Amino acid sequence: MKLLLAYLVIINAVGFLFMLIDKRKAQKNLWRIPERILLGIAICGGSIGTFLGMNTFRHKTKKLKFSLGLPVILALQVLLSVF
């Protein structure tokens with residue numbers, strides 16, 4: 001159980017940081033983190049961190065993939081953890 005909790009903390013921190021990094025890179029017109037990587041982190045358990053990063057940094061909030069996709073991924077993960 002401790003290992004699972006540690007994994008979730010780390011993957012959510014990575015999701016949050018990747019949203020910050022991608023936002024900064026977008027502002028400077030630099031190479032970006034692919035959307036599939038950001039969504040992949042969310043699918044792998046980092047949906048809370050990625051969602052918080054999206055809203056904190058106001059990054060990718062206009063993209064339907066993220067504004068709708070991340071809450072759906074999060075809801076599915078919560079449902080799966082309950083059952």
Side-chain angles (χ1 to χ4, degrees):
M1 191 61 149
K2 288 181 184 179
L3 189 59
L4 176 62
L5 184 60
Y7 170 77
L8 290 174
V9 168
I10 291 168
I11 195 73
N12 280 287
V14 167
F16 188 82
L17 289 173
F18 271 35
M19 290 301 270
L20 171 63
I21 291 166
D22 194 52
K23 174 70 175 194
R24 297 267 166 91
K25 287 180 177 266
Q27 291 170 332
K28 296 178 181 179
N29 280 335
L30 296 174
W31 170 86
R32 305 279 302 281
I33 298 171
E35 288 182 353
R36 63 184 168 79
I37 299 294
L38 297 172
L39 290 170
I41 290 169
I43 290 170
C44 290
S47 58
I48 294 172
T50 306
F51 182 75
L52 288 174
M54 178 183 77
N55 288 305
T56 301
F57 308 118
R58 289 181 281 168
H59 186 52
K60 303 246 183 232
T61 55
K62 293 182 181 179
K63 292 221 173 220
L64 200 57
K65 250 190 246 189
F66 287 88
S67 64
L68 231 69
L70 286 178
V72 168
I73 292 169
L74 177 58
L76 288 173
Q77 289 175 344
V78 168
L79 285 174
L80 285 173
S81 68
V82 170
F83 296 111

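Nothing here was measured: the structure is a model prediction, and the numbers come from that model. For this chain, numbers begin at 1 and follow the sequence in order.
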Would you compute the distance between atom [atom1] of [X] and atom [atom2] of [Y] and round it to the nearest 0.5 angstrom?
X: F18; Y: H59; atom1: CZ; atom2: NE2; value: 12.0 Å
X: N55; Y: M19; atom1: CG; atom2: CE; value: 8.5 Å
X: L38; Y: R32; atom1: CG; atom2: CZ; value: 8.5 Å
X: I41; Y: N12; atom1: CD1; atom2: CG; value: 10.0 Å
X: T50; Y: I37; atom1: OG1; atom2: CD1; value: 11.5 Å
X: L39; Y: C44; atom1: CG; atom2: SG; value: 11.0 Å

Treating Ile, Leu, Val, Met, Phe, Trp and Tyr as nodes and any side-chain heavy-atom pair under 4.5 angstrom as an edge, say whether [X] and [Y] lie in one connected cluster.
X: L4; Y: V78; result: yes
X: L76; Y: L74; result: no
X: F16; Y: Y7; result: yes
X: F51; Y: L20; result: yes
X: V72; Y: M54; result: no

Tell me which pairs pass salt bridge (charged side-chain N to carboxylate O under 4.0 Å, His left out) where either residue lies in residues 61-77, with sequence neighbours left out. E35-K63, E35-K65
Are the side chain of Q77 and the backbone of I48 linked by a donor-acceptor contact shorter than 3.5 Å? no
Atom CG of residue position L3 - does it have more than 12 heavy atoms of other residues, nucleotides or ligands inside 6.0 Å? no
Give me the atom names and distance for the closest heavy-atom approach of K25 to W31. CD-O, 2.9 Å
Minimum-distance pair of heavy atoms, taken over all atoms of S67 and T61: CB-O, 3.4 Å
Would you mind reporting whether D22 and F57 have side-chain heavy atoms less than 4.5 Å apart? no
